[in-house]
Amino acid sequence: MPDQSDDARRALLRQLSQLRGRIDPSALKHVLTKMAGWEPYDRESAGEAVRQFLVTRTDGGKFQDRLRVELKKKKNDES
């Protein structure tokens, strides 16, 4: 049985997909080309934002566990 966080995630992903579909493909390509290798955030601030987000979760740590597993997978794939 999926929890409410999965439903919210799917809704958000659907909204993002719809928004991306409305962006001019040439403009998107231009922006992505200009951003190549550039991180539009400070890692420390981003980490703090993630920590604050995880504290607000009410799923008993399920999301945090999934996030940890995915980050380990990504790290192993990059190695």
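Residue indices begin at 1 and follow the sequence shown.
- Residues satisfying the side-chain contact (heavy atoms from CB on, under 4.5 Å) test with Leu19, not counting sequence neighbours, are Arg22.
- In this view, Arg51 and Glu48 satisfy the salt bridge (Lys or Arg N to Asp or Glu O under 4.0 Å) rule, not counting sequence neighbours.
- Ion pair Asp6/Arg66 flagged as a salt bridge, since at least one NZ, NE, NH1 or NH2 atom sits closer than 4.0 Å to an Asp/Glu carboxylate oxygen.
- Arg68 and Asp65 are joined by a salt bridge, as a carboxylate oxygen and a charged side-chain nitrogen come within less than 4.0 angstrom of each other.
- Annotation: side-chain hydrogen bond (donor to acceptor under 3.5 Å, both in side chains) contacts of Ser45 (sequence neighbours excluded): Asp42.
- Not a single salt bridge (Lys or Arg N to Asp or Glu O under 4.0 Å) links Arg9 to another residue, sequence neighbours left out.
- A search for side-chain hydrogen bond (donor to acceptor under 3.5 Å, both in side chains) contacts involving Thr33 returns nothing, not counting sequence neighbours.
- Listed by chain and number, the hydrophobic cluster partners of Ile23 are Leu28, Leu32, where partners are ILVMFWY side chains within reach of under 4.5 Å, directly or through others.
- Shown here are the side-chain contact (heavy atoms from CB on, under 4.5 Å) partners of Lys73, two or more places apart in sequence or in another chain: Val69, Glu70.
- Clustering of Ile, Leu, Val, Met, Phe, Trp and Tyr by side-chain heavy atoms under 4.5 Å joins Leu54 with Val50, Phe53, Phe63, Leu67, Leu71.
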